[in-house]
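Here is the naming used below: chain letters follow the sequence lines, and residue numbers restart at 1 for every chain.
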Amino acid sequence: MGVEEKLPSGVLLTTVEGVAGYMRKASFWPATFGLACCAIEMMTSGGPKYDLARFGMEVFRASPRQADLMIVAGRVSQKMAPVLRQIYDQMAEPKWVLAMGVCASSGGMFNNYAVVQGVDHVVPVDMYLPGCPPRPEMLIDAILKLHDQVQHAKLGANRAAQIRELETEALNALPTSDMKGMLR
Amino acid sequence: MASTGATDRGDDLYAPGSETSQGRVFTVTGQDWDSITEGLAEGEEAERVVVNMGPQHPSTHGVLRLILELEGETVTEARCGIGYLHTGIEKNMEYRNWVQGVTFCTRMDYLSPFYNEATYVLGIERLLDIEEEIPEKAQVMRVLLMELNRISSHLVAIATGGMEIGALTVMTIGFRERELVLDLFELITGLRMNHAFIRPGGVAQDLPPGALDEIRDFITLMRKRLPEYAALCNANPIFKARLVGVGHLDLAGCLALGISGPVLRSTGYGWDLRKTQPYCGYEDYEFDVQTWDTSDSYGRFRVRLNEMHESLRIVEQAADRLAGLEGAPVMVADKKIAWPSQLAIGSDGMGNSLDHIRSIMGESMEGLIHHFKLVTEGFRVPPGQAYVPVESPRGELGAHVVSDGGTRPFRAHFRDPSFTNLQATSTMSEGGMVADVVVAIASIDPVMGGVDR
Amino acid sequence: MSDERDEQAPEQPAAEQAPENVPVAPGTRDNPARGVRSGMFGVSGSGDTSGYGGLVRPTVFPGAAERPYGGWFDTVADGLDGLVEGVVVHRGEITFHIRREHLLEAAQRLRDDEALRFEFCSGVSGVHYPEDTGRELHAVYHLLSMTWNRRIRLEVTCPDEDPHIPSLVPLYPTNDWHERETWDFFGIVFDGHPSLTRIQMPDDWPGHPQRKDYPLGGIPVEYKGGTIPPPDERRSYN
């Protein structure tokens, strides 16, 4: 986006961020990446009963170049993983990924040779949605939580700072495999 | 690699073009059509282009890759690349109990989960030799759920087929009606999709109170709604122009390619396993086998529409029979096979019925032992193999179940109708136009979960 | 000590089913016992303290049937005269075991003979029996006669060292993708297939996944400090 280069950093950026964030989340177009059963639930959430159009999201763009959100809906097989990565790469910034269903989040019930155990092995995921398949209401809930993230995404220098902060936090965080105990 | 255009220069980091042993490969990124036409004019195969459609594509009905060789707008060769949804379900089932296998196989053809479960369970029941002992209520419930599933699957077929040719209203009304069916499924089985409900020996649990009224309301409502599809599509000139004469495959072609289901019935041959080799008591229901005689996409559409009406008839008859079967058992009497759980709606949703827990913990030692053995070890199925196919909405779906006497399937292979029917893509598309490829595939109605398993 | 157990009784008297009693005659399906179960409860993967660990039971598959098979089974068997290695009749289904050299001719007769007319082939299913030495890979064909409304099963075997079976695509084109899938998953090479390539797995995948010696390939699952091994490495009852 050109606006953040033109404005001096810090000046009025918070208002601009607010407006930009609102624009992005209110018209947040998903890319069609329906794979298996979750794809059907994704289609029904675009259907009349659970209407995604009220969030401005009923246009599922076939071309990833025009999409903001990739909803990976369904099990990603080893053969499909490079295709998934290529579609993700073809999307323009800013982009978000929602892993819909347990198969996309972690491999689901298919702990075997053919399924990638979670699409976060292939693309960075912003929102995980468990369920097999998750109900359309659950999908909408995940999308609305993602809308919060989108709304509060920063621009320009603030975004670079935010990315640095998130990365250092992630690098210093305790890995899940080292978390012991009941974790209640 | 001397040529102009962003694609061939490899400027686009994420979608570079390249020169391969098969000739030049263009990856199109937009606004560079002239580079393609220039490149094409240079080559010897100046007129023929190999186009790759999918696997991510809105119109290929799932993750199907189509490799089309085009000469202008005509398709000279069409090939399918499948396997993008291969999940290794069959191998996974070899490491799970017989009952747990139901949860796996139900996710193969995810638009008709009850059929996957039914064919697998019928194979197990044949090996166990309890086919005669399945209670009548379980059989009627199986038929009821399978026919409701047929309606919902045909609705998706018509809806997505309509969407792929641009008729978006068909999509919205198709999914609207499908919601009604899914509500019924949720009421009876607890889940909207991928229910592991049909289990060896019967069904998982009894009908909840009030289900029959809901079913009857549904039937009345569908009788009013189904004619909407006919009114919208049957005589619609654009619909007919897109579908009539497209994807032609006559009876000889169908039999050579092993095609079954609506595609076969659209040639005029009324082969329906529910009539010819009935299972689950289908011989006691009154319904007609729907055929059409044009062997094209339009015929398949009409066959599916009429089959939905016939399914409604069967659902009505099943509901009538269920009304007289209040309190009947839904699982086989042999406690060493019958899945022991009972579910009930509690304060926090559906879960174990407290009455059932009280009875097995407090009253019945045998109940406790059976529950324990069945849940941890499972029952053993005598060695042998069985193949009991059912008539799924897409054709003949059969599970070849091999047992070696253990608690797990030794091999469970599913002969999926979508897998076999999709072989007809080449025959149906070659010689036609690109747009017709989409219509032809939509008329086969493949579900990639079943194709790739 | 071997404790033999017959798991079921097909339409033959039980005595014939004990492994050493099945006649190993030329042209019949010999020795239906494949594999052995040892230990009680079939527990594998951790200590069995029941004391019954010494139990050894062979798995006995349904044995060979003898004429008359009953009903229309005999008509079909007559049509296949001379080509059949063995016949098994179990739970109302008939399986013809056929040597791979005779497969094409048998399929030709089944498809073309007036009395047989098995026009519809439902596809090939591969099964891998690692303990059935010399006949490890089985290819199972289900044939349907729409004219006569009958179903039969053909079973063809081949050893691991020489996994070739003639392709039925010239006779039943529907087997095209099914044979590719069976090659992909089991390594059975179908001679005469127009293009035997991988269909489900990626084109450069090594190995044949659905064979019994191919691991399931799962990963251990960790959750809140506890780890569960993948399904093929867990303690199990089998």
*asked:* Shorter than 4.5 Å, heavy atoms on both sides: which option in C:Val124, C:Val127, C:Thr95, C:Leu171 has the most such pairs with chain B?
replied: C:Val127
*Against chain B, work out which of C:Cys121, C:Gly126, C:Gly123 has the most heavy-atom pairs shorter than 4.5 Å and name it.*
C:Gly126
To the nearest 0.5 Å, what is the distance between [atom1] ([X]) and [atom2] ([Y])?
X: B:Asp129; Y: C:His90; atom1: CG; atom2: NE2; answer: 8.0 Å
X: B:Leu273; Y: C:Arg151; atom1: CG; atom2: CZ; answer: 5.5 Å
X: B:Gln423; Y: C:Asn175; atom1: CD; atom2: CG; answer: 8.0 Å
X: C:Ser122; Y: B:Tyr387; atom1: OG; atom2: OH; answer: 3.5 Å
X: C:Arg150; Y: B:Gln277; atom1: CZ; atom2: CD; answer: 12.0 Å

Identify which part of [X] has an atom lying under 4.5 Å from any heavy atom of chain B, answering side chain, backbone, both or neither.
X: C:Pro230; result: neither
X: C:Gln210; result: both
X: C:Arg153; result: side chain
X: C:Arg180; result: neither
X: C:Tyr214; result: both
X: C:His128; result: backbone

Using side-chain heavy atoms (C-beta onward) and a distance below 4.5 Å, is [X] in contact with [Y]?
X: B:His400; Y: C:His142; result: yes
X: B:Glu131; Y: C:Arg91; result: no
X: B:Leu422; Y: C:Trp177; result: yes

*Heavy atoms only: give me the nearest C:Pro173-B:Ala256 pair and the separation to one decimal.*
CD-O, 3.3 Å
_Restricting to non-hydrogen atoms, name the atom on B:Gly384 and the atom on C:Pro62 that form the minimum distance, rounded to 0.1 Å._
CA-CD, 3.8 Å
What option among [options] has the most heavy-atom pairs under 4.5 Å with chain C?
options: B:His86, B:His413, B:Glu396, B:Arg411; result: B:Arg411
options: B:Leu257, B:Asn97, B:Leu255; result: B:Leu257
options: B:Tyr269, B:Trp271, B:Phe414; result: B:Trp271

_side chain to side chain contact (heavy atoms under 4.5 Å, CB included) partners for B:Tyr95, two or more places apart_ = B:Lys91, B:Arg408, C:Leu216, C:Pro231, C:Asp232
Could you go through residues 446-453 of chain B and list every donor-acceptor pair under 3.5 Å that involves a side-chain atom there, pairing it with any protein atom two or more places apart or in another chain?
residue	atom	partner	partner atom	Å
B:Asp452	OD1	B:Gly83	N	2.8
B:Asp452	OD2	B:Gly83	N	3.4
B:Asp452	OD2	B:Tyr84	N	3.3
B:Asp452	OD2	B:Leu85	N	2.8
B:Arg453	NE	B:Gly450	O	3.2
B:Arg453	NH1	B:Glu90	OE2	3.2
B:Arg453	NH1	C:Glu181	OE2	2.6
B:Arg453	NH2	C:Glu181	OE1	3.4
B:Arg453	NH2	C:Glu181	OE2	3.4

Contact part of [X] toward chain C, heavy-atom cut-off under 4.5 Å: side chain, backbone, both or neither?
X: B:Ala424; result: neither
X: B:Ser403; result: backbone
X: B:Pro417; result: neither

*asked:* Using side chain to side chain contact (heavy atoms under 4.5 Å, CB included), reason through B:Gln385 and C:Phe61 one step at a time and then give a plain yes or no.
replied: CA-CA 9 Å; B:Gln385 46 187 344; C:Phe61 279 82; over 6 Å; no
*State whether the number of non-hydrogen atoms from other residues, nucleotides or ligands found under 6.0 Å of B:Glu132 atom CD is greater than 12.*
no
*Mind checking whether C:Tyr129 and B:Phe410 have parallel, tilted or perpendicular rings, split at 30° and 60°?*
parallel
*Let me see the working for C:Met146 and B:Leu264 under side chain to side chain contact (heavy atoms under 4.5 Å, CB included), right down to the final yes or no.*
CA-CA 12 Å; C:Met146 290 171 158; B:Leu264 180 62; 3.9 Å; yes
